[in-house]
Amino acid sequence: MSAPALPGRRDGSPDGRHDGSRLVYVMGASGSGKDTLLRLARARLQSQDRVLVAHRYITRPAGADEASVYLEPAEHARRAALGCFALHWASHGLAYGIGVEIDAWMDAGITVLVNGSRAYLPQACARYPGLCAVTVRVDPHVLRDRLVHRGRESAGDIAARVARAQAVFDIPQECEMATVDNNGDAGDAAAELLAIARRRCHDSLTTAVGARAPSGRAR
């Protein structure tokens with residue numbers, strides 16, 4: 001008799017890789033407020049919530065809102081070569097990575113929120129086809145104001161980022177998508193994001209319990 005599939009893994013996968021059914025991939029333009037929403041969502045977690053927010057490994061010092069670990073570019077590249085990242089990409093001259101620890105978390109029945117990249121979504125879906133991609137949406141004028149306020153980019157960079165925010169990115173056909181509007185109160189948007197994670201956690205648990213339930217047939 002074969003063992004039942006673990007929650008969050010793909011049935012019959014030869015390498016035992018997770019299908020991403022417990023992965024919430026948060027994406028949006030730089031300045032859309034992803035880090036703020038993830039921080040607020042983490043603060044709202046209760047002891048019974050089987051939800052974690054993964055930190056990113058980035059080749060620049062982390063901001064106050066970010067759940068990030070700074071790595072020198074050479075060290076980031078070395079870890080990528082060693083297979084330490086479940087997901088990794090480059091954007092705006094920086095390297096980003098999500099550690100392979102998220103596989104262990106999902107294996108333990110935990111739903112994981114990650115701060116991802118819109119351009120990297122096809123690769124993320126190829127590794128985790130069951131993920132839920134959540135777009136954090138903001139209007140262009142709101143995005144421009146936030147970028148100016150944080151003071152990290154030049155005027156030219158801000159204009160380029162606002163323009164890029166309107167670009168169309170490839171979305172895999174079978175990818176589950178959701179949208180969180182972050183034009184208003186960030187607390188409300190964070191609550192909506194956390195609700196998505198909690199639903200994924202509940203749905204995955206229900207599926208896993210159903211898979212283990214006896215069929216009722218005599219053998």
Undergrad: Do R22 side-chain atoms and G109 backbone N/O form a donor-acceptor pair below 3.5 Å?
TA: yes
Undergrad: What donor-acceptor contacts under 3.5 angstrom involve side-chain atoms of residues 84-97, with partners at least two apart or in another chain?
TA:
{"unit_1": "H92", "atom_1": "NE2", "unit_2": "R161", "atom_2": "NH1", "d": "3.4"}

Undergrad: Sequence neighbours excluded, which residues qualify as salt bridge (charged side-chain N to carboxylate O under 4.0 Å, His left out) partners of D170?
TA: none
Undergrad: For R146, give me all partners under salt bridge (charged side-chain N to carboxylate O under 4.0 Å, His left out), at least two apart in sequence or on another chain.
TA: none
Undergrad: Do the side chain of R200 and the main chain of S21 share a donor and acceptor less than 3.5 angstrom apart?
TA: yes
Undergrad: Show every salt bridge (charged side-chain N to carboxylate O under 4.0 Å, His left out) that has at least one partner inside residues 88-98, sequence neighbours left out.
TA: none
Undergrad: Would you mind listing every ring pair (Phe, Tyr, Trp, His ring centres under 6.0 Å) that reaches into residues 31-56, with sequence neighbours excluded?
TA: H55-Y57
Undergrad: Please identify each residue that fulfils side-chain contact (heavy atoms from CB on, under 4.5 Å) with A178, with sequence neighbours left out.
TA: C132, V134, I196
Undergrad: Sequence neighbours left out, what passes salt bridge (charged side-chain N to carboxylate O under 4.0 Å, His left out) with R198? Give chain and number order.
TA: D49
Undergrad: Quick one: list whatever passes salt bridge (charged side-chain N to carboxylate O under 4.0 Å, His left out) with R42, sequence neighbours left out.
TA: none
Undergrad: Taking ring pair (Phe, Tyr, Trp, His ring centres under 6.0 Å) as the cut-off, I'd like each qualifying pair that reaches into residues 167-187, sequence neighbours left out, listed once.
TA: none
Undergrad: Cut-off 3.5 Å, no hydrogens considered: what does the side-chain donor-acceptor table look like for residues 184-195, sequence neighbours left out?
TA:
{"unit_1": "D185", "atom_1": "OD2", "unit_2": "G187", "atom_2": "N", "d": "2.9"}
{"unit_1": "D185", "atom_1": "OD2", "unit_2": "D188", "atom_2": "N", "d": "3.0"}

Undergrad: Tell me, which pairs form a salt bridge (charged side-chain N to carboxylate O under 4.0 Å, His left out) where one or both residues lie in residues 29-38, sequence neighbours left out?
TA: none
Undergrad: Scan residues 69-81 for pairs that pass salt bridge (charged side-chain N to carboxylate O under 4.0 Å, His left out), counting only residues two or more places apart or in two chains.
TA: E75-R78, E75-R79
